[in-house]
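Worksheet: the structure to be examined is printed underneath.
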Amino acid sequence: MCCLRLPSSQDKDGGYGGGPGQMPHLATTYAAVNSLITLGKPEALSSINREKLYTFLLRMKDASGGFRMHDGGEVDVRACYTAISVANILNIVDDELIHGVGNYILSCQTYEGGIAGEPGSEAHGGYTFCGLAAMILINEVNRLDLLGLIDWVVFRQGVEGGFQGRTNKLVDGCYSFWQGAVVFLIQRLNLVVHEQLGLSNDLSTESADDSSESELSDEEEHLEGTSSHVQETFPLGQEGAGQDNASDSPKIADTGHEFINRPIAMRPLFDSMYLQQYVLLCSQIEVGGFRDKPGKGRDYYHTCYCLSGLSIAQYSWTDEADSPPLPRDVFGPYSKCLLEQVHPLFNVELDRYYEARKYFSGL
Ligand SMILES: CC(C)=CCC/C(C)=C/CC/C(C)=C/COP(=O)(O)OP(=O)(O)O
Ligand SMILES: [Zn+2]
């Protein structure tokens with residue numbers, strides 16, 4: 001099993017390469033850390049040299065505020081996310097690491113509303129997830145134009161049910177996670193969205209009342225009488241009050257934990273059942289594994305991100321972490337198809353995330 005080789009992929013100066021002897025790289029460091037957390041045993045967690053990893057992360061930091069993927073490598077939003085993700089989950093994040101990251105990511109949000117890999121490039125689902133997740137982790141998500149981002153992402157689900165990565169491109173199973181998770185994260189950002197809409201809490205409550213008087217759509221009926229499901233619109237001034245407000249912001253080390261415990265107050269902005277159908281019926285290969293689309297071969301990357309996207313879709317109607325979806329929100333036989341929930345900011349199984357947090361917060 002490749003994970004047994006991970007300690008030897010750890011560079012003597014910190015970080016992980018793709019294999020033993022290879023140069024440390026942020027993408028493989030992120031993959032190695034998440035793999036060790038998924039293994040979850042103390043031997044796996046204690047094998048990570050956090051002090052050296054921190055110095056590797058600082059070495060990757062660029063004057064622009066962003067991070068580069070490896071020594072002499074490219075600076076992009078993916079590097080910002082992978083650096084901040086491992087720093088947060090390993091409890092080694094500090095002000096020096098996050099300094100300027102928000103400015104860099106902000107400079108990558110495009111006229112379309114999504115986020116590009118670098119300033120001046122095209123908005124893309126992979127980088128949009130990275131940028132949004134990193135901004136949440138550093139407590140600066142209110143600086144993004146979330147209304148523009150919503151406008152962009154809601155049009156990325158194709159008639160096939162899957163998501164495309166960018167405008168006018170084909171759908172692909174891996175974007176089930178990259179784009180699906182963007183929506184899943186936005187569902188927990190209702191207060192920032194409301195602020196950017198210029199709605200006060202009172203107005204929001206009024207709009208909730210108004211909509212309850214209007215004729216119910218199919219989705220609204222879906223929500224009727226389901227106490228374990230999200231409200232039709234935001235119950236502001238109740239749960240989540242003060243979130244994303246500088247004075248009440250969680251400490252940077254706690255952002256990943258605080259975020260998952262936010263109640264969802266916004267229904268999904270994509271068709272979750274249709275996405276599940278794309279993943280299971282179009283991306284899945286009968287002999288096992290997942291692919292981009294019919295006609296393509298399976299690979300580990302698409303298997304990982306199709307499954308993570310499927311989990312995101314299955315849990316998109318639940319209103320709190322750890323509560324299981326209703327059978328009607330899961331496509332296919334419940335006992336056979338229901339997946340574990342993933343943490344939407346780190347893409348590791350939620351239970352393993354909690355174990356890792358317990359372990360690393362005690363160090
Ligand atoms: C954490 C981590 C490693 C993040 C990676 C994020 C990610 C998936 C970035 C996308 C990269 C990219 C430009 C793909 C376009 O490929 P394409 O032109 O073949 O595909 P497209 O037609 O779907 O755009
Ligand atoms: Zn893909």
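Order of listing sets the numbers, starting from 1, for every ligand and every atom in it. Scope of the values below: all heavy atoms of this structure, side chains included, with no hydrogens, waters or symmetry mates.
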Give the table of side-chain donor-acceptor pairs shorter than 3.5 Å for residues 330-337, with sequence neighbours excluded, one pair per line with atom names and distance.
residue: Y334; atom: OH; partner: P325; partner atom: O; Å: 2.5

Sole residue of F270, W178, Y278, Y175 in ring pair (Phe, Tyr, Trp, His ring centres under 6.0 Å) with F163: F270
Short N or O separations between ligand 1 and the protein, below 3.5 Å:
residue: ligand 1; atom: 18 (O); partner: R166; partner atom: NH2; Å: 2.7
residue: ligand 1; atom: 22 (O); partner: K169; partner atom: NZ; Å: 3.1
residue: ligand 1; atom: 23 (O); partner: Y175; partner atom: OH; Å: 2.6
residue: ligand 1; atom: 24 (O); partner: H124; partner atom: NE2; Å: 3.1
residue: ligand 1; atom: 24 (O); partner: R166; partner atom: NE; Å: 2.6
residue: ligand 1; atom: 24 (O); partner: R166; partner atom: NH2; Å: 3.3

Note: D71-R59 ion pair, threshold 4.0 Å (strictly below): yes
R357/D254 ion pair, N-O < 4.0 Å: yes
Pair S283, D292: side-chain N/O donor-acceptor within cut-off below 3.5 Å: no
F184 side chain reached by Y315 side chain, heavy atoms, under 4.5 Å: yes
Where the Zn ion (ligand 2) is the vertex, angle from C174 SG to D172 OD2 to 10°: 110°
